[in-house]
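Only one structure is covered here, and it is reproduced in the block below.
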Amino acid sequence: MKYSILKDEDSVRDYFQYCGNEVAFDTESTDLELGSPILGLSFYNPTNGAVFIPTNTYFKGCLGTERIVEILNDYTPFLKGIAHNAKYD
């Protein structure tokens, strides 16, 4: 399976602008405990494939969690989200 790593705002926006109307997502953290640091977010849709958006918590030069959420808020009202492993997130 092809996947991409999105490290900047433009690439995140490009992915969601052209992903259609539904996307599967999962959070990646250091532990299963609530409040554990978020390493990044994973997304998949048939149009654009799989991506990982790392956070600057552990990956230098990447977007902060708050900035990623701000960007996603521009697109989520138009998307159907499908949670992967939601009981752990």
**Q.** Shared hydrophobic cluster for Tyr75 and Ile68 (ILVMFWY, side-chain gaps under 4.5 Å)
**A.** yes

**Q.** Working for side chain to side chain donor-acceptor pair (under 3.5 Å), residues Thr57 and Thr55
**A.** CA-CA 5 Å; Thr57 304; Thr55 66; 3.2 Å; yes

(Q) Looking at every heavy atom in both Phe59 and Pro54, which two are closest together, and how far apart are they? (A) CD1-CB, 3.5 Å

Q | Criterion side-chain contact (heavy atoms from CB on, under 4.5 Å) on Ile5 and Lys7, from CA distance to verdict | A | CA-CA 6 Å; Ile5 297 175; Lys7 295 181 179 180; 3.9 Å; yes

Q. Side chains of Asp14 and Ser11: is there a donor and an acceptor less than 3.5 Å apart?
A. no

Q. Should Ser42 and Phe25 count as side-chain neighbours, where that means a heavy-atom distance under 4.5 Å?
A. no

Q) Under a 4.5 Å cut-off applied to non-hydrogen side-chain atoms, are Tyr15 and Phe43 in contact? A) yes

Q) From Ile53 CD1 over to Leu72 CG, what is the distance, rounded to the nearest 0.5 angstrom? A) 5.5 Å

(Q) Measuring only between side-chain heavy atoms, which start at C-beta, is Asn56 closer than 4.5 Å to Arg67? (A) no

Q: Find out if a path of hydrophobic residues (ILVMFWY) with successive side-chain heavy-atom gaps under 4.5 Å connects Val51 to Ile71.
A: yes

Q: Report yes if the side chains of Asn48 and Cys19 come closer than 4.5 Å at any heavy-atom pair, otherwise no.
A: yes

Q) How many angstroms lie between OH in Tyr44 and CD in Glu22, if you round to the nearest 0.5 Å? A) 10.0 Å

Q) If you round to the nearest 0.5 Å, how far is CD of Gln17 from CG of Asp10? A) 10.5 Å

Q) Hey, does Leu41 have a side-chain heavy atom less than 4.5 Å from the side chain of Glu28? A) no

